[in-house]
Protein chains: 2
Amino acid sequence: MILEKIEKSPQTLRDIVQARMREAIFDGRFAPGERLVERPLCEQLGVSRTVVRETIRYLEAEGLVEIIPNRGPIVATLNRDQARQIYDIRRQLEGAAAAACAQKQGRDLGPKLSAALTTLQEKIHDTQWVDFLQATTHFYELIFQEAGHNIAWDIVQRLNGRISRLRTLTITDPTRERPGMSHMVAIHDAILSRDAQRAQLAVENHIADAAQIANRFLQEAEAGLDHG
Amino acid sequence: MILEKIEKSPQTLRDIVQARMREAIFDGRFAPGERLVERPLCEQLGVSRTVVRETIRYLEAEGLVEIIPNRGPIVATLNRDQARQIYDIRRQLEGAAAAACAQKQGRDLGPKLSAALTTLQEKIHDTQWVDFLQATTHFYELIFQEAGHNIAWDIVQRLNGRISRLRTLTITDPTRERPGMSHMVAIHDAILSRDAQRAQLAVENHIADAAQIANRFLQEAEAGLDHG
DNA sequence: TATGGTAATACGGTATACCATAAGATCATT
DNA sequence: AATGATCTTATGGTATACCGTATTACCATA
């Protein structure tokens with residue numbers, strides 16, 4: 001065998017619709033708790049019910065939508081306890097990935113990670129927070145890949161989907177001085193100096209910080225709802 | 001309010017089909033790599049294609065089936081690396097749950113956990129390994145619940161689905177002396193004595209042990225395939 | 001017998017129409 | 001104002017048809 005298998009991209013309608021809806025949920029065009037009525041969705045997207053329904057099943061399994069019996073799907077909501085749990089799991093998985101990455105890194109990681117960090121620093125004051133989020137994701141993706149923790153990465157990404165609103169909130173918060181950046185630098189340095197323990201700690205600090213801000217947001221939101 | 005909410009079982013066809021297929025994959029009636037052809041499935045289950053397809057989307061998101069482009073769904077396969085990763089994640093999540101459970105347990109946990117352990121000891125030599133597996137699941141479920149880690153529990157259960165074959169293999173292995181039991185006792189004792197660190201270690205030992213056996217199995221299987 | 005071409009088949013991907021039922025909203029009635 | 005009847009909306013589920021593509025089986029030919 002000399003030739004490698006030819007890679008066609010048979011992207012199905014499902015894949016597209018899935019991406020679209022995920023996107024819409026991520027940047028809040030579908031608010032949490034909002035109903036996802038099938039037929040209007042079909043019209044908006046210009047696809048049949050079959051496609052929409054299959055997509056909804058998929059997103060349901062991902063935890064992005066919830067099904068109310070005999071009522072249909074709604075965009076999943078998130079309370080403070082769930083958020084806490086999610087950040088806690090992320091802390092574990094990302095910490096472990098960083099540690100593993102620090103240990104087993106190949107010689108081509110250094111440049112790539114540094115480049116990712118640079119992009120991050122460029123995008124930090126960008127008005128397009130989406131870009132910054134994406135850069136953050138890419139930074140962590142590198143770490144997970146190098147660590148060989150791709151299943152954990154899948155899990156983390158899925159969890160991130162469920163807290164996407166929080167992530168944008170914490171990023172776009174004007175009162176925040178974005179201390180995240182210093183953490184990222186710490187993570188980068190620790191990994192490149194092959195210090196597993198320090199890398200893990202840096203990640204855990206980063207997440208703990210984010211979790212705290214998220215918690216504050218949710219607290220305010222819930223308080224606001226009470227006497228709203 | 002005096003009367004409690006009446007629990008209708010709005011179990012949809014989808015739910016049933018989902019449970020059936022998951023079951024079938026779990027106990028190997030659908031072998032890994034086997035194709036899941038829609039129309040025959042519809043006939044076997046007596047439902048329409050829509051239901052089957054929606055189910056498949058859900059199981060796809062769970063990682064239980066894979067979709068091959070232009071070919072359709074197959075039962076997901078598992079290689080050694082993936083198994084290693086899954087056991088690694090389980091080690092983290094279950095360890096953390098045990099630690100948290102040891103700390104924040106209420107006074108009604110003791111009896112329940114002890115009862116679960118007893119059931120476990122009864123079922124250990126049962127010819128119906130399914131029962132033993134179920135008892136194990138219940139034991140851990142108690143721990144996660146008490147710890148308040150229900151999202152992590154979802155993740156663990158999903159991961160367990162992907163290694164279900166391995167779990168039955170490790171349990172039904174005649175050469176194994178089921179050292180799992182002693183670990184379970186250690187976990188139980190550590191939690192009841194509120195020793196978080198010891199509980200975590202006990203869990204980690206338990207999983208490490210299982211992972212090792214699973215790894216041996218897969219190694220043999222892969223070697224067997226090579227010159228088979 | 002090996003090669004190449006072609007037809008048949010199988011199956012996923014997609015669309016549409018239909019029915020039954022549950023939940024919610026509206027409105028009339030007492 | 002509580003009750004009850006009715007209408008509307010939308011889901012849950014089914015059946016059916018169509019297209020495109022991949023695989024397979026078959027056949028002809030060199």
Side-chain angles (χ1 to χ4, degrees), chain A residues 1 3-22 24-25 30-61 64-77, chain B residues 1-22 24-25 30-31 33-77:
Chain A
M1 272 291 234
L3 298 175
E4 62 183 70
K5 199 168 171 184
I6 145 175
E7 281 292 342
K8 281 176 295 190
S9 74
Q11 203 182 22
T12 65
L13 261 188
R14 276 203 309 280
D15 296 330
I16 301 172
V17 170
Q18 220 174 264
R20 286 277 177 86
M21 289 196 55
R22 212 196 308 270
I25 293 178
F30 289 146
E34 186 178 336
R35 288 188 65 178
L36 298 171
V37 184
E38 293 179 4
R39 272 163 259 243
L41 280 179
C42 297
E43 285 181 26
Q44 278 184 48
L45 295 162
V47 297
S48 74
R49 260 182 88 199
T50 315
V51 177
V52 169
R53 291 179 62 144
E54 289 181 36
T55 301
I56 288 178
R57 290 314 147 227
Y58 195 98
L59 298 181
E60 181 195 0
L64 238 53
V65 312
E66 294 167 10
I67 307 289
I68 301 180
N70 286 320
R71 198 83 214 291
I74 63 172
V75 178
T77 57
Chain B
M1 270 293 236
I2 301 174
L3 298 174
E4 61 182 74
K5 196 171 170 185
I6 153 171
E7 278 295 340
K8 285 176 294 188
S9 68
Q11 204 181 22
T12 64
L13 260 188
R14 283 200 304 275
D15 295 331
I16 302 172
V17 169
Q18 220 176 267
R20 287 277 176 85
M21 287 195 56
R22 211 196 310 271
I25 294 178
F30 289 146
E34 184 178 338
R35 288 189 64 178
L36 297 172
V37 184
E38 293 179 5
R39 276 164 259 240
L41 279 179
C42 296
E43 283 182 27
Q44 279 183 47
L45 294 162
V47 295
S48 72
R49 255 181 96 193
T50 313
V51 177
V52 168
R53 290 181 62 111
E54 287 181 304
T55 301
I56 288 177
R57 289 315 145 229
Y58 196 98
L59 298 180
E60 180 194 1
E62 277 194 344
L64 239 51
V65 313
E66 294 167 11
I67 308 290
I68 301 181
N70 286 320
R71 199 85 211 290
I74 64 172
V75 178
T77 57

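Note on naming: letters A, B, ... go to the chains in the order of the sequence lines (proteins, then strands), and numbering restarts at 1 for each one.
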Under the salt bridge (charged side-chain N to carboxylate O under 4.0 Å, His left out) rule, collect the residues that match up with [X], sequence neighbours excluded.
X: B:E62; value: B:R22, B:R158
X: B:R14; value: B:E54
X: A:E34; value: none

Set of residues satisfying side chain to side chain contact (heavy atoms under 4.5 Å, CB included) with respect to [X], sequence neighbours excluded:
X: B:R71; result: B:R35, B:I68
X: A:A19; result: none
X: A:A76; result: A:E66
X: A:P32; result: A:T77, A:R165

Practice item. Quick one, give me the B/S/- string for nucleotides 11-21 of chain C, reading 5' to 3', where B means a protein heavy atom under 4.0 Å from the base and S means that only happens at the primed atoms, P, OP1 or OP2. Key: BBBBBB-B---
**Study point:** Terminal helix-axis angle for the helix from C:dT1-D:dA30 to C:dT30-D:dA1, with five pairs defining each axis and rounding to 10 degrees
**Key:**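 Answer for the end axes of this duplex: 10°.
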